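Following: one structure in structure tokens, then a few remarks.
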Amino acid sequence: MTGGTPVAGETLPGAGGGDDDAADRVVCHVDMDCFYASCERLRHPDLAGEPVVVGMGYEPGESIGAVATASYEAREFGVESAMPISKALELLPRRADADPDDPDAPDPADAGRYVPVDLDFYEDVASEVKEVLRDCADTRREVSIDEAYLDVTDRTAWTVAGDDPADPPPSAAAGPAEARTLAEGYARYVKDRIEREAGVPASVGVAPNMSAAKVASDADKPDGLVVVPPGSAAEFLAPLPTADVHGVGPVTEATLADLGIETAGDLAAADRDRLADALGERGPELSRRAAGDDDREVTPTGLPKSLSRESALPTTADGATKRETVSALAADVARRARERGCLYRTIGIKAVEPPFDVNTRARSLPGPVDDPDLVEEVALDLLAEFDETRVRKLGVRVSNLDFAETDQATLGGFDADDGRGEGDRGAGDDARGAGARTTATDGDGGKLTDWVDGKPESEAAEGDATARDAERRTADGQASLGDWS
DNA sequence: TCTGGGGTCCTAGGACCC
DNA sequence: TCTGGGGTCCTAGGACCC
């Protein structure tokens with residue numbers, strides 16, 4: 001390397017973002033505006049323009065539960081997501097309480113409409129949104145019920161509308177640029193179609209990568225459309241507070257503030273070794289994101305990694321109450337796993353002590369199972385450690401999920417009725433009732449042996465070893481359990 | 001403002017194996 | 001032998017997201 005041009009590797013670090021070498025992908029982030037509240041307005045048009053609060057665990061007339069979604073009108077009153085309903089009611093009285101004859105009652109004009117969550121309905125609306133997205137992009141990542149990334153590189157381009165395609169777009173500023181790109185037009189098309197066909201509003205961010213698109217969709221909510229052309233991501237992000245960077249929560253924000261890092265620009269410019277010291281591997285990654293540098297591909301959402309149910313309860317140390325709760329949660333998790341046709345190999349519980357100390361315990365089995373009785377049995381066994389503990393919340397979780405096993409059961413010549421195909425059984429399950437369920441479970445109980453014996457001989461020995469391992473672990477666990485109590 | 005429910009990913013330590 | 005080092009699995013906890 002004598003003379004001549006500098007090697008790329010020598011000039012790139014710190015030379016300003018990598019979003020300009022990513023072959024100019026076009027990524028849209030679609031983020032529905034206060035989705036649950038919008039869904040409620042869809043079926044109750046009289047809620048339009050009103051402060052709407054959708055509460056989970058909320059029942060009409062009560063003040064229990066938490067805010068799942070607040071409409072923008074309700075947010076004006078300070079109502080926020082995750083806020084206890086009781087607190088929300090202080091900030092924004094319920095419309096029903098606004099009695100015009102009561103001189104102390106709130107002004108109806110300053111009162112809100114409170115409705116309980118109806119997830120089934122929201123999922124119906126979401127599937128209509130998804131239909132539009134499917135039509136608009138081949139590569140999609142659906143992140144949650146109300147949010148998705150689209151890679152639309154093959155549907156549009158960063159070229160300026162009506163201009164010479166060879167001409168690069170302006171990299172001036174975010175927001176509707178003066179010279180509009182084809183990408184902006186396409187994003188507008190997606191946004192309009194969602195509103196027209198699903199009936200609910202969305203905000204859309206368009207950028208050359210996922211993290212910039214994510215921030216862009218958030219930048220002008222509600223009903224926003226923000227475009228961040230290639231090369232302008234760093235400039236767009238720089239003035240924003242670090243908390244606006246995806247992945248920076250309250251803890252990281254405080255850690256960064258201690259380092260004198262307040263904005264995305266600071267974060268982008270910060271020494272990455274120093275960030276790694278303070279935050280681990282996440283630090284440098286967040287810095288790259290803040291610099292507009294993110295080369296992750298938009299990949300479809302995969303199968304779930306775990307399934308869980310949890311529920312809050314009035315703080316109690318009562319053993320029977322705790323066991324009943326855990327049994328019910330276990331049954332629910334097991335049912336959902338079966339519905340989805342997945343086996344699980346790890347069963348765990350969560351016990352939250354006041355004020356908010358989270359304890360988790362888990363135990364792995366030798367092989368994947370679909371066995372509701374076993375979920376309950378293991379969950380209760382794990383709960384025994386917390387016999388004396390006051391808890392405010394309990395949860396049950398299955399993980400180490402295995403979706404492939406269902407097919408293998410059929411392919412591998414297991415008994416047709418060995419219970420593995422339950423996910424496909426559908427509604428018949430309920431109709432068969434508890435007796436049938438128990439029978440199926442007994443079948444499952446024997447499956448573990450089938451699982452080991454059913455392996456090809458070369459793997460059977462390995463399976464045995466695994467089973468022994470698990471037995472030993474179980475024994476250990478029980479020994480410790482004795483120590484604790 | 002004492003905090004609902006369903007997830008994901010990461011880290012760290014211990015056990016165990018080679 | 002004690003002296004590793006590497007790899008994997010498991011558990012527990014933490015931070016974050018919607």
Side-chain angles (χ1 to χ4, degrees), chain A residues 29 31-36 54-58 64-70 78-91 116-117 119 122-123 126 141-148 211 214 217-218 242-256 276 279-283 285-286 289 296 301-313 315 329 332-333 336 345-366 382 385 392-401 462 465-466 468-470 472-474 476-477 480:
Chain A
H29 182 252
D31 201 344
M32 307 305 296
D33 300 324
C34 54
F35 184 58
Y36 294 179
V54 182
M56 82 169 43
Y58 169 76
I64 51 166
V67 177
T69 304
V79 177
E80 290 171 15
S81 210
M83 179 180 277
I85 292 288
S86 54
K87 171 71 182 169
L89 284 166
E90 287 172 24
L91 298 165
V117 165
L119 214 49
Y122 311 152
E123 268 158 9
R141 182 182 187 83
E142 279 142 16
V143 181
S144 69
I145 191 169
D146 68 345
E147 200 188 317
S211 67
K214 164 80 184 164
S217 72
D218 232 31
T242 54
D244 282 12
V245 177
H246 196 55
V248 176
V251 176
T252 305
E253 183 185 18
T255 306
L256 291 172
L279 299 168
E281 258 319 294
R282 239 163 37 87
E285 184 57 33
L286 290 171
R289 302 265 173 90
R296 287 172 301 161
T301 329
L303 295 164
K305 305 262 193 305
S306 67
L307 298 173
S308 65
R309 277 304 300 259
E310 59 186 69
S311 90
L313 57 166
T315 300
L329 294 169
D332 219 77
V333 168
R336 278 169 57 215
R345 207 163 64 76
T346 302
I347 298 162
I349 63 158
K350 172 157 123 176
V352 182
E353 293 178 62
F356 208 77
D357 292 329
V358 179
N359 300 280
T360 60
R361 296 293 181 271
R363 184 179 303 158
S364 292
L365 310 166
L382 294 169
E385 186 192 338
R392 60 193 308 281
K393 183 190 263 195
L394 289 166
V396 174
R397 191 172 95 111
V398 294
S399 55
N400 257 314
L401 304 186
E462 196 183 311
T466 316
R468 275 196 307 275
D469 278 353
R472 188 167 60 247
R473 274 197 302 277
T474 305
D476 287 347
S480 315

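By convention in this document, chain letters (A, B, ...) are assigned in the order of the sequence lines, proteins followed by strands, and residues within each chain are numbered from 1. Just so we're clear, the structure is a prediction, and the values are computed from it rather than from any experiment.
- Here A/P304 lies in heavy-atom contact (under 4.0 Å) with sugar-phosphate atoms only.
- Listed nucleotides: C/dC16, C/dA12, B/dG5. Nearest to the side chain of A/R361: C/dA12.
- Side-chain atoms of A/V67 and A/I85, non-hydrogen and from C-beta on, do get closer than 4.5 Å to each other.
- For the pair A/H29 NE2 and C/dC18 C1', the interatomic distance rounds to 10 Å; values are reported in whole Å.
- For A/A82, the listed nucleotide lying nearest its side chain is B/dG4; candidates were B/dG4, B/dC9, B/dC2.
- Considering only the side chain of A/S144, C/dC18 comes nearest among C/dC18, C/dG13, B/dT3.
- For the pair A/E80 CD and B/dG4 P, the interatomic distance rounds to 15 Å; values are reported in whole Å.
- Note on A/S306: every side-chain N or O is 4.0 Å or more away from OP1 and OP2 of B/dG6.
- A/L307 comes within 4.0 angstrom of the backbone, heavy atoms only, and of no base.
- The phosphate of B/dC9 (OP1 or OP2) has no side-chain N or O of A/R282 nearer than 4.0 angstrom.
- OP1 or OP2 of B/dG7 has at least one side-chain nitrogen or oxygen of A/S308 nearer than 4.0 Å.
- Applying the Watson-Crick and G-U wobble criteria (two distances, each under 3.5 Å), C/dT11 pairs with B/dA12.
- The partner of C/dC18 is B/dG5, by the rule that a Watson-Crick or G-U pair needs both atom distances under 3.5 Å.
- Picking from B/dG4, C/dC18, C/dC10 the nucleotide with the shortest atom distance to the side chain of A/M56 gives B/dG4.
- Rounded to whole Å, the separation between the C1' atoms of B/dG4 and C/dC17 comes to 14 Å.
- Here the straight-line distance linking atom CG of A/L279 with atom CG of A/L286 works out to 7.0 Å at 0.5 Å rounding.
- Distance, A/E123 CD to B/dG5 P: 17 Å, rounded to whole Å.
- Using a 4.5 Å cut-off on side-chain heavy atoms (C-beta onward), A/V396 and A/R309 make no contact.
- Among the heavy atoms of the strands, none lies under 4.0 Å from A/S81.
- For the pair A/S364 and C/dT11, the criterion of a side-chain N or O lying under 4.0 Å from OP1 or OP2 is met.
- Among B/dG7, B/dC9, C/dA12, the nucleotide with an atom closest to any side-chain atom of A/K305 is B/dC9.
- Spacing between atom CG of A/L313 and atom P of B/dG5 amounts to 9 Å, rounded to whole angstrom units.
- For C/dA15, neither phosphate oxygen OP1 nor OP2 lies less than 4.0 angstrom from any side-chain nitrogen or oxygen of A/T252.
- Under the 4.5 Å side-chain criterion, counting only non-hydrogen atoms from C-beta, A/K214 is in contact with A/D31.
- Side chain of A/E147, nearest nucleotide from B/dG6, B/dC2, C/dC18: C/dC18.
- Residue A/G247 is classed as a sugar-phosphate contact, given heavy-atom separations below 4.0 Å to backbone atoms only.
- At whole-Å resolution of the value, CZ in A/F356 and P in B/dG4 are 7 Å apart.
- Heavy atoms of A/V248 sit under 4.0 angstrom from primed sugar atoms or phosphate atoms, though from no base atom.
- Sequence order on DNA chain B of the closest nucleotides to A/S311 and A/R397 puts A/S311 first from the 5' end.
- Between the NZ atom of A/K214 and the P atom of B/dT8 there is a distance of 17 Å, given to the nearest Å.
- Residues A/A68 and A/K87 both approach DNA chain B. Their nearest nucleotides, taken by heavy-atom distance, put A/K87 toward the 5′ side.
- Whole-Å rounding puts the A/M83 CE to B/dG4 C1' distance at 14 Å.
- As judged by a 4.0 angstrom heavy-atom cut-off over every strand, A/P84 is placed among residues touching the sugar-phosphate backbone only.
- Dashed line: the shortest gap from a side-chain N or O of A/R363 to OP1 or OP2 of C/dC10 is not under 4.0 Å.
- Nucleic acid contact class of A/A362 (heavy atoms, under 4.0 Å, all strands): sugar-phosphate only.
- Note that CD1 of A/I145 and CZ of A/F35 are 5.5 Å apart. Values are rounded to the nearest 0.5 Å.
- Here OG of A/S306 is found 4.5 Å from CZ of A/R397. Values are rounded to the nearest 0.5 Å.
- The interatomic distance linking A/L279 (CG) with B/dT11 (C1') rounds to 13 Å, in whole Å.
- Between the CD1 atom of A/I347 and the CG atom of A/L365 there is a distance of 4.5 Å, given to the nearest 0.5 Å.
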